[in-house]
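Written below as structure tokens is the structure these notes are about.
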Number of protein chains: 2
Amino acid sequence: MRVNMSEKFVYFFGNGKADGSAEMKNLLGGKGANLAEMTNLGIPVPAGFTISTGVCTYFTQHGRTYPPGLETEVRKALSKVERAMEAGFGDPENPVLMSVRSGARVSMPGMMDTVLNLGLNDITVQGLIKQTGDKRFAYDCYRRFVQMYGDVVLGLKPRGKDEIDPFEAILDEKKKKRGISSDMGLTAEDLKELVSDFKGCITARTGKEFPQNPYEQLWGAIGAVFGSWDNPRAMAYRELNNIPPDWGTAVNVQAMVYGNMGENSGTGVAFTRDPAIGENVFYGEYLMNAQGEDVVAGIRTPQPINKKQKGESDLMSLEEEMPEIYQQLEEIQKKLDHHYRDMQDVEFTIQRGKLWMLQTRVGKRTGFAAFRMAVDMVDEGLISEEEALMRVEPIQLNQLLRPVFDPDEKGEALAQGRLLARGLNAGPGAATGRVVFNAEDAVEWVRRGERVILVRLETSPEDIRGMNAAQGILTARGGMTSHAALVARQMGKVCVAGCGALQINYAKRQMGVKDQIVKEGDFLSIDGTTGEVLLGEIKTSPSEVLQVLFEDTLKPEDSLVYRQYERLMSWADRYRRLKIRTNADQPDQAAQAVAFGAEGIGLCRTEHMFFGGDRINSVRKMILAEDAEGRRRALAKLLPMQRHDFIGIFRAMEGKPVTIRTLDPPLHEFLPHEEGEIAQLARSMGVDTARLEAKIESLRELNPMLGHRGCRLGIAYPEITEMQARAIFEAAAQVKKEGTKVLPEVMVPLVGHVNELKVQREIVDRVAKQVKKESGIEFEYTVGTMIELPRAALTADQIAREAEFFSYGTNDLTQTTFGLSRDDAGKFLPKYVQEKILPADPFQTIDQEGVGLLMKIGVEKGRRGRPGLKIGICGEHGGEPASVEFCHRIGLDYASCSPFRVPIARLAAAQAALKDKE
Amino acid sequence: MRVNMSEKFVYFFGNGKADGSAEMKNLLGGKGANLAEMTNLGIPVPAGFTISTGVCTYFTQHGRTYPPGLETEVRKALSKVERAMEAGFGDPENPVLMSVRSGARVSMPGMMDTVLNLGLNDITVQGLIKQTGDKRFAYDCYRRFVQMYGDVVLGLKPRGKDEIDPFEAILDEKKKKRGISSDMGLTAEDLKELVSDFKGCITARTGKEFPQNPYEQLWGAIGAVFGSWDNPRAMAYRELNNIPPDWGTAVNVQAMVYGNMGENSGTGVAFTRDPAIGENVFYGEYLMNAQGEDVVAGIRTPQPINKKQKGESDLMSLEEEMPEIYQQLEEIQKKLDHHYRDMQDVEFTIQRGKLWMLQTRVGKRTGFAAFRMAVDMVDEGLISEEEALMRVEPIQLNQLLRPVFDPDEKGEALAQGRLLARGLNAGPGAATGRVVFNAEDAVEWVRRGERVILVRLETSPEDIRGMNAAQGILTARGGMTSHAALVARQMGKVCVAGCGALQINYAKRQMGVKDQIVKEGDFLSIDGTTGEVLLGEIKTSPSEVLQVLFEDTLKPEDSLVYRQYERLMSWADRYRRLKIRTNADQPDQAAQAVAFGAEGIGLCRTEHMFFGGDRINSVRKMILAEDAEGRRRALAKLLPMQRHDFIGIFRAMEGKPVTIRTLDPPLHEFLPHEEGEIAQLARSMGVDTARLEAKIESLRELNPMLGHRGCRLGIAYPEITEMQARAIFEAAAQVKKEGTKVLPEVMVPLVGHVNELKVQREIVDRVAKQVKKESGIEFEYTVGTMIELPRAALTADQIAREAEFFSYGTNDLTQTTFGLSRDDAGKFLPKYVQEKILPADPFQTIDQEGVGLLMKIGVEKGRRGRPGLKIGICGEHGGEPASVEFCHRIGLDYASCSPFRVPIARLAAAQAALKDKE
């Protein structure tokens with residue numbers, strides 16, 4: 001963002017009036033914008049101001065300096081804060097203390113730095129004592145501030161795994177000397193000494209004095225927070241979440257309020273609806289006499305916010321402990337939920353019996369919750385169907401389809417007493433895997449093919465890569481709003497949090513509950529829907545949605561999840577333009593895809609059929625035949641088998657279009673490579689083993705991906721295409737005769753020049769004519785081609801003259817456009833993505849600039865060659881939301897993907913259409 | 001061609017006036033257009049008419065029928081012929097006989113059918129007797145006509161190799177019965193009987209009578225000639241010569257004149273200049289009392305046309321035999337040479353002392369001749385330099401550069417008495433190889449890697465594939481205008497023709513001269529410049545041009561060939577816009593290329609340098625190092641060697657730009673694969689063999705072409721790029737210090753995304769800065785990239801922001817655009833080209849529609865990203881004339897090719913510029 005000289009950098013909020021609003025997220029970050037919005041809504045918010053994200057960009061690009069004018073604006077805003085809070089910054093009598101926090105456009109929990117209690121020094125600490133009458137509290141604030149400032153601003157935070165926080169070391173030393181184990185045992189004098197020791201440590205380490213000037217403190221903190229936008233953790237997080245580095249963060253400077261000012265103080269976080277399952281109930285956690293960081297860090301297990309949530313627990317709820325405050329909070333949360341028309345994640349503090357709201361933002365949620373909230377809010381009249389559709393990330397659908405534990409196996413495990421413990425159901429789903437105790441191990445074990453459960457006391461931002469790699473996450477501490485729970489929810493990971501019964505010993509790499517010990521590498525199963533932790537492996541079974549769709553085990557009326565899935569998907573179907581098909585080779589896959597909403601088969605790979613039973617022998621004989629005659633004999637044996645497959649598929653699809661691709665892979669893939677297998681095949685073919693070996697060798701290719709495959713096979717051996725066309729059309733005739741509609745679409749792969757399609761099409765048309773004549777049955781069919789080579793896209797106008805449809809094979813198109821073999825890219829592609837040489841893995845999401853440009857050219861030229869040409873995609877990208885959106889945008893007619901991705905594609909297509917409308 | 005109803009189909013010529021002209025080749029074919037032109041020039045041409053090529057297309061597309069109105073036009077034209085020739089078609093007293101010949105836009109010698117003596121029947125033969133007073137002649141004409149008509153029109157021509165011409169069988173039978181060996185021995189009665197026998201044979205074979213009606217004969221012949229446009233021979237020829245099938249042939253119907261009407265008759269073919277070496281002398285051959293086909297078929301060795309050509313021979317020349325006719329012919333040929341301003345190939349017949357011209361057309365010539373004629377005609381004021389440049393096919397330059405026999409070795413061979421025989425120097429150059437006796441064997445032997453000399457009594461159109469495959473062609477019969485000589489000239493093949501001393505025995509697969517026997521497979525050497533045939537292999541040495549350029553053996557003043565080469569090439573340089581560079585990795589190659597006119601190095605492959613001496617060991621150690629440190633150590637050893645190479649190249653290029661590509665091939669290519677070699681390397685590296693094997697195995701790729709190569713190496717191992725950049729710049733500094741200009745251009749290969757270039761460029765720029773600082777020497781350099789992936793072309797605007805130049809790597813670009821591995825395409829690409837699925841092999845000439853479109857996109861976007869961006873090509877296409885023309889057309893700045901192709905590229909570039917001007 002360029003800094004405009006007439007631009008405003010600082011936005012004040014407080015006393016019921018704010019310069020900003022919720023719409024200004026790009027400028028003020030989410031946190032700042034929402035603080036402004038809450039202030040304007042009349043909600044009690046401690047006064048403060050936001051320094052805009054533009055300043056962050058300026059700061060980064062100008063060697064950590066600030067735009068001219070900023071300092072004046074900050075001073076002015078600070079005066080307003082002083083007036084609003086009726087206290088002075090640095091005032092020896094009545095000091096206002098400040099928090100300095102990051103706040104980007106989207107939430108990046110825990111990734112950047114924060115400084116609290118800013119403004120304290122040897123003088124103002126006396127003012128704080130005067131104001132609160134609590135010397136211990138004041139020195140606790142001061143030592144926390146010095147520690148945090150030392151860590152964050154002065155760089156004493158430990159960077160490596162083996163380094164110890166120097167302040168923690170001093171603290172531990174002090175506690176040891178005093179013979180106590182908890183911080184709570186330290187006296188005001190102890191804390192005062194600690195402040196002094198901490199300051200000494202800072203001077204010793206940095207050669208500089210801890211700054212006593214509150215303004216110097218403030219600018220140090222602001223610089224540290226802006227600088228933390230580019231720390232390695234934040235960069236890793238941005239990468240994982242596709243956040244552009246030039247967005248920058250805002251900095252929020254806000255008056256501190258304290259939840260740790262004694263027994264009528266407290267702090268909490270809450271969601272306006274249940275973030276795990278989505279139910280419309282106020283849901284939160286708090287701790288009395290604590291600071292906010294205590295709740296989020298998951299060190300103390302927090303209390304439930306209300307009686308409903310409390311359930312059987314013996315913890316006191318806020319509703320019981322401070323009924324009036326709860327009432328006020330309950331009203332505020334409802335106001336926020338309705339005002340924002342979305343579930344809010346709020347932070348509050350009660351300072352000496354007064355409620356302050358510190359933050360509101362759209363809350364992270366599981367896929368389950370996203371579905372439920374979206375549908376509920378439509379029913380509540382809060383949002384429209386269109387909005388509901390935009391509220392669910394298509395990829396979150398995975399969670400609804402994700403397995404649950406097999407009820408029988410789990411029942412048995414419970415009967416065997418394998419229930420180890422119970423925690424919070426922080427991330428729904430079922431996960432089973434080997435136990436590891438740190439993130440590095442998780443990544444490493446997964447890399448070598450293991451499935452792991454990451455077990456931690458609590459997780460921290462450093463753990464995200466490990467969390468991402470693990471099947472599930474289990475923590476001993478922390479609540480529903482702990483780091484583990486938040487991140488797991490966002491990643492859609494299975495998570496059980498706050499399982500307090502666990503005794504974890506990192507050093508021994510084991511954990512236990514009473515005398516039951518689980519060692520690193522042991523199997524463990526966690527149920528993120530119920531919070532159960534079970535010993536050993538447990539088989540999983542299909543999710544509720546799948547059980548309703550495919551099993552007899554669940555009826556729609558018994559599954560709210562299914563019913564809400566169904567409703568949202570029906571809305572998706574109403575708004576999307578793109579048709580969704582599936583890639584399926586077997587009748588059962590086809591049927592499954594139809595249940596998921598597939599409107600046809602976009603890719604039926606005939607070669608998969610070649611491996612079944614003893615077919616492979618006929619295939620091999622065909623390949624190794626010396627001449628066309630020998631090939632024809634072998635093909636004659638394959639014909640009835642392929643016909644049988646197609647009959648099954650046509651029946652399952654009941655007249656929906658079925659795109660069948662003729663033989664594609666290099667023939668070498670079908671041949672045996674083991675000596676024994678070759679000898680056996682030679683015997684069965686009645687040929688010499690050495691001769692067979694030589695023949696197999698002669699089919700080997702240097703670059704099989706660019707070799708004798710696709711239509712090149714059908715051109716070299718027209719009898720193969722002939723047999724396949726015959727199997728397709730005889731099946732079509734048969735099924736039509738049975739009274740079922742059929743619509744085969746014959747698709748020729750790897751066409752680079754129109755003539756290739758032309759000669760293959762001639763064969764297909766000829767066979768169709770023959771079969772119609774032989775069977776006496778008329779059937780419709782079309783002939784088209786894959787567009788999977790750059791040349792095909794570039795000459796699409798010519799190719800379209802011979803093709804009734806195109807289907808983008810974006811896997812191969814990506815390989816050829818990049819000159820990149822997917823099989824070999826493992827050596828360097830990860831580095832490319834990690835170091836941002838490529839913005840994303842082009843095999844996961846369509847490279848819109850390169851591959852996408854070819855696709856656009858292909859669409860435009862193709863439709864020029866044949867107006868109204870039907871065009872689809874059947875590469876793996878067909879089920880990836882960003883790619884689906886791209887396909888919608890360039891005007892494709894359909895996307896085809898694997899059955900389990902069909903719902904994702906349907907939703908992504910609807911979102912694409914809705915974005916288009918905007 | 002669509003037939004327009006108002007279009008004229010038939011074009012008359014005769015009596016000094018013609019409807020057509022030389023400009024109407026597309027409509028009338030070359031032959032017809034030139035007959036018209038000659039007629040208009042007042043040259044004696046037997047009257048006739050031409051049926052246009054449009055009728056051929058109509059005929060092909062309308063099931064062998066004719067456009068309405070054609071018949072009327074033919075009848076009218078026939079009447080004019082009758083008037084001009086003062087004889088009647090089918091007139092019993094004074095019949096005019098007709099020839100019916102094909103005539104396409106370009107000459108396709110012997111590929112299509114011809115019918116002569118048409119109009120004869122049992123009645124008109126009597127008229128012919130009356131007119132000529134020669135019964136034997138008349139019946140000879142008649143039996144020839146019936147035989148030809150039976151062959152061509154009625155389909156009795158033998159099709160297979162084993163079939164015998166039924167007419168020849170009857171003729172042989174007759175001769176046997178009469179106890180004679182030559183046709184000449186047959187009496188008028190014999191011939192009359194033969195006519196009757198032939199007719200009987202026709203009826204027996206076809207069930208139809210030989211047609212007596214001259215009009216029926218005429219239409220039969222016209223249909224056969226049109227039909228022969230699509231016979232297999234003609235189609236094969238068109239394919240070989242890139243002649244579009246829709247051009248069609250015209251049909252020329254022309255009054256017959258006879259060279260076989262006794263001793264004051266004769267026939268001949270001649271060239272207005274020597275077609276082998278290009279000298280401006282009238283050059284031709286004739287036979288007295290013969291038909292034209294006798295000369296061309298090569299069965300009788302013809303007589304020289306004049307005394308100059310006669311030389312030592314004891315054959316009578318036309319100049320001596322018929323001085324007045326020769327004088328008239330000499331005037332006509334000069335008129336034609338000047339009128340057409342190009343060497344003409346003419347056919348003439350002397351009928352009873354009167355000269356008739358039957359054909360003129362631009363004559364085929366060798367590359368030597370093409371050069372000489374072009375330069376001579378400029379000197380004679382006939383053509384401009386521009387025209388001269390268009391007169392030489394760039395590919396003909398190969399002939400001027402083609403080796404000649406090593407003088408010492410040849411001298412020795414002669415001294416050893418290895419001169420077997422002497423024939424006509426029909427195709428200049430030197431060829432050595434194993435003897436084969438038929439075209440199929442030639443193709444087959446060459447396929448398995450042999451070099452062959454094809455030896456035939458005479459060649460025929462069926463032999464062209466074999467002639468193409470052979471190193472050289474040797475025939476026993478036929479003159480300079482025989483089929484062998486003509487085709488060899490056109491193909492640029494070495495050819496010795498009419499070597500009458502040879503006794504060839506096809507059945508025994510051997511040949512001999514007296515008692516010297518040469519068997520199939522024996523080595524033979526033929527000198528197409530002198531006509532010598534020598535036993536055994538003889539080493540070849542560089543051509544005259546090369547001897548002048550690179551050896552001390554020849555001075556420019558002693559080589560006319562060199563001087564003319566030099567003049568034409570200097571004109572080419574004056575007219576071309578495209579710069580020509582070379583691909584060279586060694587100083588000597590570079591120097592050679594400069595001598596050939598290269599203006600810089602367009603591609604210096606650094607990896608070739610990696611194989612020299614013991615460098616490969618350092619390379620291998622670098623590849624197999626466990627970490628960057630190990631790689632750096634190995635690279636440090638390579639640095640001085642690479643620097644040394646670059647110093648040599650920079651010195652040789654003296655300030656001309658040198659584009660150096662950083663490491664490109666997959667590392668696996670450098671590794672040993674033999675067990676012994678691996679073990680040795682393991683020892684020298686001090687590592688375990690098994691471990692080394694595993695490491696080598698781990699580098700193996702499924703599709704190395706799409707794998708870890710190009711800039712992906714330099715990104716994974718930045719220290720490689722660093723070392724190479726350092727070698728380049730240290731060499732540059734060194735050479736500059738010596739006082740020689742240097743201009744290195746560092747080229748990063750296989751870039752697909754701008755960021756790849758960016759990170760590599762950062763390394764190069766950093767090293768350049770370091771070297772400048774270290775050496776204290778300032779030098780210029782640029783950094784650019786290969787465009788060899790579709791994605792690079794598609795995103796060229798972005799890439800251009802980081803690149804100071806582009807160079808198209810059309811080899812890889814073709815592979816990726818087509819999804820076609822050059823290494824593996826051998827299995828199907830030949831069939832693709834043969835069956836016209838692809839118009840040409842895209843690795844030989846740029847696929848302009850697909851790959852070319854990407855290139856155009858790349859040029860346009862590249863220059864949008866960086867105005868004035870320098871763009872070249874360094875793929876193998878850079879020396880192929882059609883590709884060079886394409887590069888000129890899309891606005892490239894230079895083409896780079898192997899040293900020997902530099903002159904070809906210079907000429908092609910000039911022609912492209914001249915075509916552009918038009």
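By convention in this document, chain letters (A, B, ...) are assigned in the order of the sequence lines, proteins followed by strands, and residues within each chain are numbered from 1.
- Residue A:Asp812: no heavy atom, backbone or side chain, is found under 4.5 Å from chain B.
- By number of non-hydrogen pairs under 4.5 angstrom with chain B, the leading residue of A:Gly710, A:Gly819, A:Gly850, A:Pro839 is A:Gly819.
- Interface check for chain B: of the options A:Lys831, A:Glu756, A:Arg709, the most heavy-atom pairs under 4.5 Å are formed by A:Glu756.
- Across B:Leu838, B:Asp847, B:Leu699, the residue that shares the most heavy-atom pairs under 4.5 angstrom with chain A is B:Asp847.
- Both the backbone and the side chain of B:Thr817 come within contact range of chain A, each with at least one heavy atom under 4.5 Å from a heavy atom of that chain.
- Contact annotation for B:Ile857: only side-chain heavy atoms (C-beta onward) come within less than 4.5 Å of a heavy atom of chain A.
- For B:His708, the parts lying near chain A are the backbone and the side chain together; criterion is any non-hydrogen pair under 4.5 Å.
- When the shell of 6.0 Å around CZ of B:Arg766 is examined, it contains more than 12 heavy atoms from other residues, nucleotides or ligands.
- In summary, the side chains of B:His673 and B:His668 do present a donor paired with an acceptor at a separation below 3.5 Å, with no hydrogens or angles considered.
- For a residue to count as touching a neighbouring chain, one of its non-hydrogen atoms must lie under 4.5 Å from one of that chain's; by this rule B:Phe828 touches chain A with the side chain only.
- Within the 4.5 angstrom heavy-atom criterion, only side-chain atoms of B:Gln798, from C-beta onward, approach chain A.
- Contacts of A:Ile715 with chain B are made by both backbone and side-chain atoms, with heavy-atom separations under 4.5 Å.
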Please report the C-alpha distance between A:Arg631 and A:Glu722 in whole Å, then the side-chain angles of each, then the deciding distance to 0.1 Å, and finally whether the salt bridge (Lys or Arg N to Asp or Glu O under 4.0 Å) criterion is met. CA-CA 12 Å; A:Arg631 274 192 297 278; A:Glu722 225 171 88; over 6 Å; no
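- Note: B:Asp824 leads B:Asp824, B:Asn755, B:Thr816 in heavy-atom pairs under 4.5 Å with chain A.
- Distance alone, capped at 3.5 Å, places no donor-acceptor pair between the B:Glu802 side chain and the B:Arg761 backbone.
- For a residue to count as touching a neighbouring chain, one of its non-hydrogen atoms must lie under 4.5 Å from one of that chain's; by this rule B:Lys836 touches chain A with the backbone only.
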Salt bridge (Lys or Arg N to Asp or Glu O under 4.0 Å) between B:Asp765 and B:Lys758, intermediate numbers included: CA-CA 10 Å; B:Asp765 285 341; B:Lys758 200 172 165 188; over 6 Å; no
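- Proximity of B:Asp823 to A:Asn703: side-chain heavy atoms (C-beta onward) are separated by under 4.5 Å at one or more points.
- Neither the backbone nor the side chain of B:Ala825 comes within contact range of chain A, judged by heavy atoms closer than 4.5 Å.
- A donor atom on one side chain and an acceptor atom on the other are not found under 3.5 Å apart for A:Gln724 and A:Thr662.
- Neither the backbone nor the side chain of A:Arg822 comes within less than 4.5 Å of any heavy atom in chain B.
- Between chain A and the options B:Leu854, B:Val851, B:Val754, the largest number of non-hydrogen pairs under 4.5 Å is found for B:Leu854.
- The number of heavy atoms from other shown groups lying within 6.0 Å of CZ (B:Arg864) is above 12.
- Looking at A:Lys861, its side chain does come within 3.5 Å of a backbone N or O of A:Leu794 through a donor-acceptor pair.
- Contact tally against chain B (heavy-atom pairs below 4.5 Å) for A:Met705, A:Arg712, A:Gln815: the top residue is A:Arg712.
- Between the B:Arg866 side chain and the B:Ala800 main chain, a donor and an acceptor come within less than 3.5 Å of each other.
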